[in-house]
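Quick notes on the structure that follows.
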Amino acid sequence: MFASSGVEFNFNISNKNRFTQWFHDGTKKSETIHLETGSGHEFRKFNLSALAGIGMDIQVHSKIALFFQPIYRQQLFSYIAHQPIKRRLNSAGLVTGIEFRM
């Protein structure tokens with residue numbers, strides 16, 4: 001068993017949504033919305049997330065091991081600046097892999 005924790009740097013590259021609609025008559029309509037200008041919100045360009053997890057190694061051979069690690073991430077700052085309600089993204093997941101030892 002092992003534990004891990006740390007801080008992760010988050011960079012916001014772009015805030016835009018692209019929508020495409022297809023209609024029964026064969027026509028389509030596309031629209032791109034730039035959220036920085038259209039929503040009136042100031043999205044942070046930089047954020048930090050704290051992460052933590054506990055994992056387990058399973059030895060399948062003397063030089064090969066599998067690992068599994070449930071992990072949780074929580075943004076430290078709101079993703080929209082200067083708002084009365086602080087909305088911070090969080091996520092949970094499972095990190096898996098194979099480790100080859102020399």
Could you work out, with side-chain contact (heavy atoms from CB on, under 4.5 Å) as the rule, every residue matching [X], not counting sequence neighbours?
X: H24; result: none
X: N10; result: E8, N47, S49, Q75
X: T27; result: F23, D25

Original post:
Would you say F68 and I58 make side-chain contact, with heavy atoms under 4.5 Å?
Top reply: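 When only atoms from C-beta onward are counted, I58 and F68 do touch, with a gap below 4.5 Å.
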Original post:
Are any non-hydrogen side-chain atoms of Q74 and R88 less than 4.5 angstrom apart?
Top reply: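 Contact flag for Q74/R88 side chains = yes.
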Original post:
For R18, which residues count as a salt bridge (charged side-chain N to carboxylate O under 4.0 Å, His left out) partner, sequence neighbours excluded?
Top reply: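 Listed in chain order: nothing, the list is empty.
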**OP:** Check the pair D57, L66 against side chain to side chain contact (heavy atoms under 4.5 Å, CB included), reporting the backbone distance first and the verdict last.
**Re:** CA-CA 6 Å; D57 285 334; L66 303 174; over 6 Å; no
**OP:** Scan residues 93-102 for pairs that pass salt bridge (charged side-chain N to carboxylate O under 4.0 Å, His left out), counting only residues two or more places apart or in two chains.
**Re:**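 Listed by first then second residue: E99-R101.
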Original post:
Do F100 and F67 sit in the same hydrophobic cluster, where Ile, Leu, Val, Met, Phe, Trp and Tyr count as joined when their side-chain heavy atoms come under 4.5 Å apart?
Top reply: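 The answer is no; the residues belong to distinct hydrophobic clusters.
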**OP:** Supply the atom-to-atom distance E31 CD to T20 OG1, rounded to the nearest 0.5 angstrom.
**Re:**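 Here the interatomic distance stands at 10.0 Å.
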Subject >> CD1-OG distance between I54 and S4, expressed to the nearest 0.5 angstrom >> reply: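 So the gap between those two atoms works out to 9.0 Å.
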Original post:
Crowded around K28 NZ? As in, over 12 foreign heavy atoms under 6.0 Å?
Top reply: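 Incorrect, the count does not exceed 12.
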With a cut-off of 3.5 Å and sequence neighbours excluded, list every side-chain donor-acceptor pair involving residues 89-98.
none

Original post:
Taking ILVMFWY side chains as joined if any heavy atoms are under 4.5 angstrom apart, and letting links pass through other members, which residues group with F2?
Top reply: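 Same cluster as F2: nobody, lone residue.
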Subject >> Side-chain cluster (under 4.5 Å, hydrophobic types only) that L48 belongs to, other residues >> reply: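 Joined to L48, directly or through intermediates: V7, F9, F11, F46, L76, F77.
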